[in-house]
Amino acid sequence: MADFFSQLVYACANEDTQAELDALHPGPSDTVLCITGSGARPLDLLIAQPGAVVSVDLNPVQNRLLSLKMAAIRTLSYQDFGRLMGFLPSHPSRRFAYFQQVKPALSPEDALYWDKNGAQVSAGILYTGKWERYIRGIALAGLTRQRTLRQLMAAPDVTTQYEIWKKSWDNGLWRAYLRTVCSTWFWRNIIREPGAALIAPETDPAAYMAACLDRMMQTRLLRSSFFATMMFTGRMDPAGDLPLHLQESHYETLRAGLDRVEIITADLSAYLHQTERRFEAYSLSDFSSYTPMPTYAHTWEGVMRTASPGARVCERFFLVRPSYEPEGLIRDTTAETRIAGYEKTGIYTFRIGSVRSLT
């Protein structure tokens, strides 16, 4: 597991942070705690202009990526930022030239790390995380089905899209492919994903993904989701849907707010039990996917320890949903259902609520 969390695991975004913004509605006096991941989450949250964003991750590489994204936003125009990140086209040598412009805004340690990993920078870093490579790999299923894929991407409405999906895509071959690339065996032995060990034996990831995709095709246009677009085409569409922090309309807001982001490299549970800070909002992502039950409960105890009265919490679940219910959390099941119904990836369920005082 140590090797897994010392590499770039997440680089782009596999969550729609609009869900967190709607669940947490952070205000100008709020301090928001989140998990760094790809760096998308803290930057997306920053768009709401909270008082501060504290971004915590055990993996130092994920924090180095956030630092790189922030330095690029400080230094480059939006267009050049997009070229460096990889969602706008650019030659590899040109991307590394953009990185040279950004380097002075990095710490010496971060600059040295990205110098040593220049191949990732040159390749367009958003596509080089371990999970991004996996998600893009799923798109290989569409190489021989380009006509059907174009029809899906151009469908005028979800009714037409679902008809195309059931008639021309969702067949036995596709289901067999999912059973391979979405199996716990594949994740454990090929991707070497440590979270696979926490998936309950009775859980079938391929069936879960098939159900999520079937529901997505009935409720969301494929092209309206950056996550689905990358899964089926292998890339995000710069003229289509993008994660919030990659949208040009938010660029100056991000640039103006970067000093509000504090990056912490630490185990989340340990940090929550050591810090004396108080938080008004928590974006916990799907930390249960990597957290054994004793640590999971200890982390939630840390949330309650550091929460201001009335603090809002948003937690995601993918394939691992512990039965543990945090004492002192007032669940908003209406918000959980509503947000899961429109969140763009379509693969998560939620725990959303507010913290009541335990004293």
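On a predicted model such as this, the values are computed, not experimentally measured, just so you know.
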Does [X] come within less than 4.0 Å of [Y], counting only side-chain N to carboxylate O?
{"X": "E343", "Y": "R316", "result": "yes"}
{"X": "D332", "Y": "R312", "result": "no"}
{"X": "R305", "Y": "E276", "result": "yes"}
{"X": "R64", "Y": "E109", "result": "no"}
{"X": "D57", "Y": "R41", "result": "no"}
{"X": "E193", "Y": "K130", "result": "no"}

Answer yes or no: is there a donor N or O on one side and an acceptor on the other, between the side chain of [X] and the main chain of [Y], under 3.5 Å?
{"X": "S285", "Y": "F287", "result": "no"}
{"X": "T160", "Y": "P156", "result": "no"}
{"X": "E315", "Y": "I352", "result": "no"}
{"X": "T128", "Y": "G124", "result": "no"}
{"X": "R95", "Y": "S122", "result": "yes"}
{"X": "N59", "Y": "Q7", "result": "yes"}
{"X": "R175", "Y": "D170", "result": "no"}
{"X": "E132", "Y": "A11", "result": "yes"}
{"X": "Q62", "Y": "G37", "result": "yes"}
{"X": "T275", "Y": "Y271", "result": "no"}

Minimum heavy-atom separation for [X] and [Y], please, with both atom names.
{"X": "L284", "Y": "I35", "answer": "O-CD1, 3.1 Å"}
{"X": "C212", "Y": "I347", "answer": "SG-CA, 3.9 Å"}
{"X": "T306", "Y": "R277", "answer": "CB-O, 3.7 Å"}
{"X": "C182", "Y": "W187", "answer": "CA-CZ2, 4.0 Å"}
{"X": "F227", "Y": "A13", "answer": "CD1-O, 4.4 Å"}
{"X": "H245", "Y": "A40", "answer": "CE1-CB, 3.2 Å"}

Donor-acceptor side-chain pairing of S168 and Q151 below 3.5 angstrom:
no
Could you measure the distance from the [atom1] atom of [X] to the [atom2] atom of [Y]? Nearest 0.5 Å is fine.
{"X": "M217", "Y": "L152", "atom1": "CE", "atom2": "CG", "value": "5.5 Å"}
{"X": "S90", "Y": "D80", "atom1": "OG", "atom2": "CG", "value": "8.0 Å"}
{"X": "L43", "Y": "T17", "atom1": "CG", "atom2": "OG1", "value": "9.5 Å"}
{"X": "D286", "Y": "L319", "atom1": "CG", "atom2": "CG", "value": "9.0 Å"}
{"X": "R321", "Y": "T203", "atom1": "CZ", "atom2": "OG1", "value": "13.0 Å"}
{"X": "R83", "Y": "S77", "atom1": "CZ", "atom2": "OG", "value": "6.5 Å"}

Result for side-chain contact (heavy atoms from CB on, under 4.5 Å) between M70 and one of L66, I73, L68 points to L66
Among N63, L268, T36, D267, which one satisfies side-chain contact (heavy atoms from CB on, under 4.5 Å) with L58?
D267
Answer whether the closest heavy-atom distance between the side chains of [X] and [Y] falls below 4.5 Å.
{"X": "M236", "Y": "L126", "answer": "yes"}
{"X": "L221", "Y": "Q161", "answer": "yes"}
{"X": "C34", "Y": "P42", "answer": "yes"}
{"X": "L24", "Y": "D30", "answer": "no"}
{"X": "S38", "Y": "C12", "answer": "no"}
{"X": "L76", "Y": "F99", "answer": "no"}
{"X": "R188", "Y": "S183", "answer": "no"}
{"X": "K344", "Y": "M216", "answer": "no"}

Would V313 and R351 count as a side chain to side chain contact (heavy atoms under 4.5 Å, CB included) here? Give the steps.
CA-CA 8 Å; V313 182; R351 175 185 278 145; over 6 Å; no
Flag the pair [X] / [Y] as yes when their ring centroid distance falls below 6.0 Å, and as no otherwise.
{"X": "Y162", "Y": "W169", "answer": "no"}
{"X": "H298", "Y": "H273", "answer": "yes"}
{"X": "Y282", "Y": "F279", "answer": "yes"}

Quick test of your reading: applying ring-ring contact (aromatic ring centres under 6.0 Å, His included), list the pairs with at least one residue in residues 47-82, sequence neighbours left out, ordered by first then second residue.
Y78-Y251, F81-Y251
Going by the ring-ring contact (aromatic ring centres under 6.0 Å, His included) test, which pairs reach into residues 38-62, not counting sequence neighbours?
none
[Y] reachable from [X] in the ILVMFWY side-chain graph, under 4.5 Å edges:
{"X": "V121", "Y": "L112", "answer": "no"}
{"X": "I330", "Y": "W300", "answer": "no"}
{"X": "V158", "Y": "W165", "answer": "no"}
{"X": "L140", "Y": "L173", "answer": "no"}

Given F232 and I138, is the side chain to side chain contact (heavy atoms under 4.5 Å, CB included) satisfied, shown in steps?
CA-CA 7 Å; F232 282 90; I138 295 176; over 6 Å; no
Please work out whether the ring planes of Y134 and F186 are parallel, tilted or perpendicular, with thresholds of 30° and 60°.
tilted
Give the ring-plane orientation class for Y177 versus W174, where under 30° counts as parallel, over 60° as perpendicular and anything between as tilted.
tilted
Answer yes or no for R338 and Y342: cation-pi contact, defined as NZ/CZ to six-membered ring centre under 6.0 Å and angle to ring axis within 45°.
no
Axial cation check for Y127 ring with R136, 6.0 Å and 45° limits
yes
Residue pairs passing the salt bridge (charged side-chain N to carboxylate O under 4.0 Å, His left out) test with at least one member in residues 194-223, sequence neighbours excluded, are K166-D214
Side chain to side chain contact (heavy atoms under 4.5 Å, CB included) between R150 and M153: does it pass, once the steps are laid out?
CA-CA 5 Å; R150 286 193 296 270; M153 295 298 293; 5.8 Å; no
Go through F317 and V320 one step at a time and tell me if the side chain to side chain contact (heavy atoms under 4.5 Å, CB included) criterion holds.
CA-CA 6 Å; F317 302 98; V320 178; over 6 Å; no
Other residues, nucleotides, ligands: >12 heavy atoms within 6.0 Å of R192 CZ
no
